[in-house]
Asker: 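Following this message is one structure expressed as structure tokens.
Given the structure is predicted, the values throughout are model-derived calculations rather than measurements. Each chain gets a letter, A, B and so on, in the order its sequence line appears, and its residues count up from 1. These values consider heavy atoms only, across backbone and side chains, with no hydrogens, waters or symmetry-generated copies.
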Amino acid sequence: MSPTKPANKASPDKKSAAGPAKPAGPQPIVSTGYWLFKSEPDVFSWDMLKARGAAGEPWTGVRNYLARNNMKAMAVGDLGFFYHSNIGKEIVGICRVSAPAHPDPEDGTGTWQCVDVSAVAGFKKPVTLSDVKANPKLQNMSLVTSMRLSVQPVTADEWAEVCRMGGLDPKKLKR
DNA sequence: GCCAACGTTGGC
DNA sequence: GCCAACGTTGGC
């Protein structure tokens, strides 16, 4: 199974209006962790996540223990980069963990879990893999060192640097 | 399309 | 529990 988000054959089956309505007005995000989610855009793209709106999307299909453990470590409100693998090879936006790890509905074995994520903000300018590799501050990013891991941790310094490169001020992110 | 990296499987 | 074979990812 693919560590990237696999074909989501039945996305509409998920509850259409997951969760109560969001509180009105922007709120500062209090985030405890930073992550990076990889997805092949022809399977599940940033635009598709944006189209899900506040309901978000269960990040199903992860079949790798490290990636699963990363998801189990996530808290609601954690933020993540959204990376397009294969096509684009660039970080295109920021998403937010909207539900903690829960059993992957597509997994019958009870082994695999997923979190739910929703789109927060797109980058003004996507940050490409080569941009990342060319930046000395990002040499230890998992995207460079553990390229194949589909759900990766990101440090606070890496977070700030990539946001800067993408034209977003992380302090001004609102949910 | 190639192939390096690397996770998983299964024989022993 | 080792490790070779195998499958998959994903950049190039």
Side-chain angles (χ1 to χ4, degrees), chain A residues 1-11 14 33-52 56-74 78-97 99-155 157-168:
Chain A
M1 196 70 54
S2 125
T4 41
K5 187 133 189 12
N8 201 336
K9 340 131 195 165
S11 9
K14 327 274 150 62
Y34 300 110
W35 310 94
L36 180 145
F37 296 85
K38 291 203 298 195
S39 188
E40 301 182 30
D42 53 345
V43 177
F44 191 84
S45 68
W46 171 246
D47 283 343
M48 293 167 73
L49 184 65
K50 279 198 297 185
R52 297 281 190 267
E57 173 76 5
W59 204 253
T60 58
V62 171
R63 296 296 180 268
N64 171 282
Y65 288 101
L66 243 186
R68 182 201 64 180
N69 292 345
N70 287 337
M71 289 196 291
K72 286 168 107 171
M74 293 176 188
D78 280 5
L79 299 178
F81 292 130
F82 195 102
Y83 176 76
H84 279 168
S85 61
N86 281 321
I87 301 169
K89 281 167 283 194
E90 56 193 9
I91 301 169
V92 293
I94 289 172
C95 57
R96 172 184 179 273
V97 176
H102 57 88
D104 183 335
E106 299 176 4
D107 169 47
T109 69
T111 303
W112 303 110
Q113 296 196 291
C114 59
V115 295
D116 293 1
V117 298
S118 60
V120 171
F123 277 171
K124 298 199 167 92
K125 172 182 177 302
V127 177
T128 67
L129 180 60
S130 52
D131 291 338
V132 169
K133 287 182 170 173
N135 186 330
K137 293 179 182 168
L138 301 177
Q139 290 316 289
N140 294 323
M141 250 190 115
S142 291
L143 197 59
V144 176
T145 62
S146 310
M147 189 234 300
R148 290 181 48 200
L149 185 60
S150 62
V151 179
Q152 310 181 346
V154 172
T155 69
D157 287 347
E158 292 162 352
W159 183 262
E161 179 66 4
V162 173
C163 285
R164 187 191 62 74
M165 295 165 75
L168 284 186

Asker: Heavy atoms from C-beta onward define the side chain here; which of B:dG7, B:dC6, C:dG11 lies closest to that of A:R148?
Answerer: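 Closest of the options to the side chain of A:R148: B:dC6.
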Asker: Tell me the interatomic distance from A:F37, atom CZ, to C:dT9, atom C1', rounded to whole angstroms.
Answerer: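 Whole-Å distance recorded here is 19 Å.
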Asker: Taking only the side-chain nitrogens and oxygens of A:K133, find out if one of them lies under 4.0 Å from OP1 or OP2 of C:dC12.
Answerer: yes
Asker: Could you check if a side-chain atom of A:I91 sits within less than 4.5 angstrom of a side-chain atom of A:P126, using non-hydrogen atoms only?
Answerer: no
Asker: To the nearest Å, how far apart are A:R63 CZ and C:dT9 C1'?
Answerer: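 Spelled out: CZ on A:R63 to C1' on C:dT9 is 16 Å.
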Asker: Using a strict 4.0 Å threshold on nitrogen-to-oxygen distance, state whether A:R96 and A:D116 make a salt bridge.
Answerer: no
Asker: Can a salt bridge be assigned to the pair A:R68 and A:D104 using a cut-off of 4.0 Å between side-chain N and carboxylate O?
Answerer: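 The answer is no: the pair does not qualify as a salt bridge.
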Asker: Just the rounded figure in Å: distance from P of C:dG10 to CG of A:N64.
Answerer: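 Atom-to-atom, A:N64 to C:dG10, this comes out as 10 Å.
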Asker: Check the distance between B:dA5's C1' and A:Q152's CD and give it to me in whole angstrom.
Answerer: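 Distance check: A:Q152 CD to B:dA5 C1' gives 14 Å.
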Asker: Using a cut-off of strictly less than 4.0 Å, decide whether A:K89 has a side-chain nitrogen or oxygen near OP1 or OP2 of C:dG10.
Answerer: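 Checking A:K89 against C:dG10: no side-chain N or O falls below 4.0 Å of OP1 or OP2.
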Asker: Check the distance between C:dC12's P and A:L143's CG and give it to me in whole angstrom.
Answerer: 10 Å
Asker: Provide, to the nearest angstrom, the distance between the CE atom belonging to A:M147 and the C1' atom belonging to B:dA4.
Answerer: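 The distance from CE of A:M147 to C1' of B:dA4 comes to 8 Å, rounded to the nearest Å.
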Asker: Is A:Y83 near enough to C:dG11 that one of its side-chain N or O atoms lies under 4.0 angstrom from OP1 or OP2?
Answerer: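 For A:Y83, the contact criterion (side-chain N or O under 4.0 Å from OP1 or OP2 of C:dG11) is met.
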Asker: A:F37 and A:W59: aromatic ring centres closer than 6.0 Å?
Answerer: yes
Asker: Once you round it to whole Å, what is the distance between P of C:dT8 and CG of A:L66?
Answerer: 20 Å
Asker: Check the distance between C:dT8's P and A:K38's NZ and give it to me in whole angstrom.
Answerer: 17 Å
Asker: Under 4.0 Å between a side-chain N/O of A:N86 and OP1 or OP2 of C:dG11, yes or no?
Answerer: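 Checking A:N86 against C:dG11: at least one side-chain N or O falls below 4.0 Å of OP1 or OP2.
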